[in-house]
J.: 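Sharing a structure here in C-alpha cells format.
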Amino acid sequence: KREPGVWRYIEFLPIEDMSKIISLQEGNTPLYRCKNLEKELNVKELYVKNEGANPTGSFKDRGMTVGVSVANELNIKSVGCASTGNTSASLAAYSAKANMKCIVLLPEGKVALGKLAQAMFYGAKVIQIRGNFDDALEIVKKLADERLIYLLNSVNPFRLEGQKTIAFEICERLNYNVPDRVIVPVGNAGNISAIWKGFKEFYITGLIDELPKMTGIQAEGAKPIVEAFKKKKLEIEPYKNPETVATAIRIGNPVNAKKALKAIYDSNGYAEAVSDREIIEAQKLLARKEGIFVEPASASSIAGLKKLLEEGVIDRDERIVCITTGHGLKDPDIAIRESEEPIKVEADLEKIKSLLMEG
Ligand SMILES: Cc1ncc(COP(=O)(O)O)c(/C=C/C(=O)C(=O)O)c1O
C-alpha cells in the first residue's frame, strides 16, 4: 500500500534516482466538504482543498519537493528564488534539508510576517530589495543565467510537476468523480497551469473521463490575466505597480500567463478579479463558517466563487473545488487588524461574567 503525498504519484514525476528525493511529507492535504458555506452561498456541492496544511503552510511545498530533489540529483550546491513570501519559505526549508545554500529576494516591506520569519529561520540568505516581486524575479533570472544559482521560481518546470499532484489528490478523494469547476487564486500563474496539467494527465491515462473548468481569480489591483481573458487574448499587458492587500498575489507580470490562459481557454473556464474588501470578507467567512483559516490571497478563490455565482457565470448545481493556497498564520497582522479588538480586564470573575452577559 502506497503512502499518501506528492511521491505517491512517482510515475508522473521527473526523478530518476529515488535516493535523491528531498521530502517533508508534503501533500495529502484535506479536501473539506463545506456544507455551511454551501448554505451561505446557496450552492449544491462545495469543497475546499486546503493547501495551508502543507509542511511550510502553502502549496509551494509540492513544487519544491520535486524541484529541490531534481537539483539534488544534479548535485546543485546553491538555489535561489524571488518571492512574495511563500516560495521563499518553502525553498528555504527544502534546501536546508538538502544541505544547499539558499538565497531569496523579497520585495522590501511587502512580505507577510510569518513568511519572512520562515525564510529567515530556515537559514536562507534573505535579501530585501527596494522594488516589487517582478523586479526581484528579473534579478534572480540573471543570477541563474550566470550559473550563480539554480532558479526555483515557477519558470522552472519541475515546480509545476510537483504542484500538479493537487489535481491527482482531488480525483482520488472524489473517487474519480471530477469536479465541474476548480477555482484557483492566481499570481505568477504557475499553480492554475500545474493543476490543469494534472487533470489532463489523469485524463490521457484514462483514470478520468471528463475535465473541470479552470477558473482563475486575481486581485483588482493585479489582474493582467483577467484583462487578457476578457479580451480573449493570450498576451498580457503587465502591471507596472500591482497593488493588493493579498501580498502573495501582488504580481504584475506573471511568468506563466500564457500557460494559465491556455488552461482557462482549453477547459472552457473563466478568469475574474475581486476587490481587497471582497478578499478579506471571504477570508473571514471561511474561518467563521468552516473553521478554515487561510491567508488573504488564498481566500480570493472563495471571493471569486461568490462573485461568479452572483454574476451567473457559475451554476449553483456545479460540483466545485476551491483551492486555498496558504495558511492564515502566514499573515497574522492582517488577521488581527481585521478582527474585533480583544477586551482588556482584570482577572475578576464578576467583571468577566458581566462581559459574558453582553453576548
Ligand atoms: C498563498 C498564495 N496563493 C496564491 C499564490 C499564487 O500562485 P501562483 O499563481 O502559482 O503564483 C501564491 C504565490 C506566491 C508566490 O508567487 C511566491 O511565494 O513568490 C501564494 O503564496
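From a predicted model like this one, the values you see are computed outputs, not experimental measurements. Just so you know, ligand 1 is whichever comes first in the structure, and atom 1 is the first atom listed for that ligand. Because only heavy atoms are used, hydrogens play no part in the values below, and waters and symmetry mates are left out as well, while side chains stay in.
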J.: Give the residue and atom name of whichever protein heavy atom lies nearest to atom 16 (O) of ligand 1, and the separation in Å to one decimal.
T.: Lys60 NZ, 3.3 Å
J.: In the protein, what heavy atom is nearest to atom 19 (O) of ligand 1, and what distance, to one decimal place, separates them?
T.: Thr84 N, 2.9 Å
J.: Does Ser154 come within less than 4.0 angstrom of ligand 1, counting non-hydrogen atoms of the residue?
T.: no
J.: Is it true that Ala189 lies under 4.0 Å from ligand 1, counting heavy atoms only?
T.: yes
J.: For Asn86 and ligand 1, does the shortest N/O to N/O distance drop below 3.5 Å?
T.: yes
J.: Considering only heavy atoms, which of Leu105, Asp331, Ile249 lies nearest to atom 5 (C) of ligand 1?
T.: Ile249
J.: Any luck finding a side-chain donor-acceptor pair between Trp7 and Thr65 under 3.5 Å?
T.: yes
J.: Within the structure, does Lys115 bring an N/O atom to less than 3.5 angstrom of an N/O atom in ligand 1?
T.: no
J.: Using a 4.0 Å heavy-atom threshold (strictly under), name the region of Ile251 that reaches ligand 1: side chain, backbone, both or neither.
T.: side chain
J.: Do the side chains of Lys164 and Glu201 get close enough for a salt bridge, i.e. N-O under 4.0 angstrom?
T.: yes
J.: Going by the order shown, which atoms of ligand 1 are within less than 4.0 Å of some heavy atom of Thr87?
T.: 15 (C), 17 (C), 18 (O), 19 (O)
J.: Under 4.0 Å from a heavy atom of Gly85: which atoms of ligand 1 are those, numbered in the order shown and with their elements?
T.: 18 (O)
J.: Salt-bridge test for Lys223 and Glu237: reply yes if a basic N is under 4.0 Å from a carboxylate O, no otherwise.
T.: no
J.: Between the side chains of Asn191 and Gln163, is a donor N or O closer than 3.5 angstrom to an acceptor N or O?
T.: yes
J.: Between Tyr270 and Phe229, is the gap from one ring center to the other below 6.0 Å?
T.: yes
J.: In terms of side-chain geometry, is the basic nitrogen of Glu340 or Arg288 positioned less than 4.0 Å from the acidic oxygen of its partner?
T.: yes
J.: Considering the heavy atoms of Asn188, write down every atom of ligand 1 situated less than 4.0 Å from one of them.
T.: 8 (P), 9 (O), 11 (O)
J.: Can you list the atoms of ligand 1 that are under 4.0 Å from a heavy atom of Ser83?
T.: 17 (C), 18 (O), 19 (O)
J.: Charged N to carboxylate O below 4.0 Å: is that the case for Arg62 and Glu26?
T.: no
J.: I'd like to know if Glu3 pairs up with Arg8 as an ion pair, taking the criterion as any Lys NZ or Arg NE/NH1/NH2 lying under 4.0 Å from an Asp or Glu carboxylate oxygen.
T.: no
J.: Please identify which atoms of ligand 1 are closer than 4.0 Å to at least one heavy atom of Val186.
T.: 9 (O)
J.: Looking only at N/O atoms, are Asn191 and ligand 1 under 3.5 Å apart anywhere?
T.: yes
J.: Which ligand 1 atoms, with their elements, are less than 4.0 angstrom from a heavy-atom of Gly190?
T.: 8 (P), 9 (O), 10 (O)
J.: For atom 20 (C) of ligand 1, what's the nearest protein heavy atom and its distance?
T.: Ala248 CB, 3.5 Å
J.: Just jot down the ligand 1 atoms closer than 4.0 angstrom to any heavy atom of Phe133, in number order.
T.: 19 (O)
J.: Between Ser193 and Asn256, is any side-chain donor less than 3.5 angstrom from a side-chain acceptor?
T.: no
J.: Among all protein heavy atoms, pick the one closest to atom 2 (C) of ligand 1 and tell me residue, atom and distance.
T.: Thr325 OG1, 3.3 Å
J.: Tell me, which protein residue and heavy-atom name are nearest atom 7 (O) of ligand 1, and how many Å apart are they?
T.: Phe59 CZ, 3.4 Å
J.: Is there a polar contact, in the sense of an N or O pair closer than 3.5 Å, between Ser88 and ligand 1?
T.: no
J.: At a non-hydrogen distance cut-off of under 4.0 Å, which region of Gln163 contacts ligand 1 (side chain, backbone, both, or neither)?
T.: neither
J.: Are Lys233 and Glu227 ion-paired here, with the side-chain N under 4.0 Å from a carboxylate O?
T.: no
J.: Take a 6.0 Å sphere around NZ of Lys141 and say whether it holds more than 12 heavy atoms from other residues, nucleotides or ligands.
T.: yes
J.: Measure Glu295 to ligand 1 on non-hydrogen atoms and call it side chain, backbone, both or neither using the 4.0 Å cut-off.
T.: side chain
J.: Give the residue, atom name and distance (to 0.1 Å) of the protein heavy atom nearest atom 6 (C) of ligand 1.
T.: Gly187 N, 3.4 Å
J.: Is the distance between the ring centroids of Phe202 and Phe12 under 6.0 Å?
T.: yes
J.: N/O to N/O below 3.5 Å, does that happen between Gly326 and ligand 1?
T.: no
J.: State plainly whether the residues Lys306 and Glu40 are in salt-bridge range, i.e. N to O under 4.0 Å.
T.: no
J.: Say whether Leu91 and Leu148 are linked into one hydrophobic cluster, either directly or through other cluster members, by side-chain heavy-atom distances under 4.5 angstrom.
T.: no
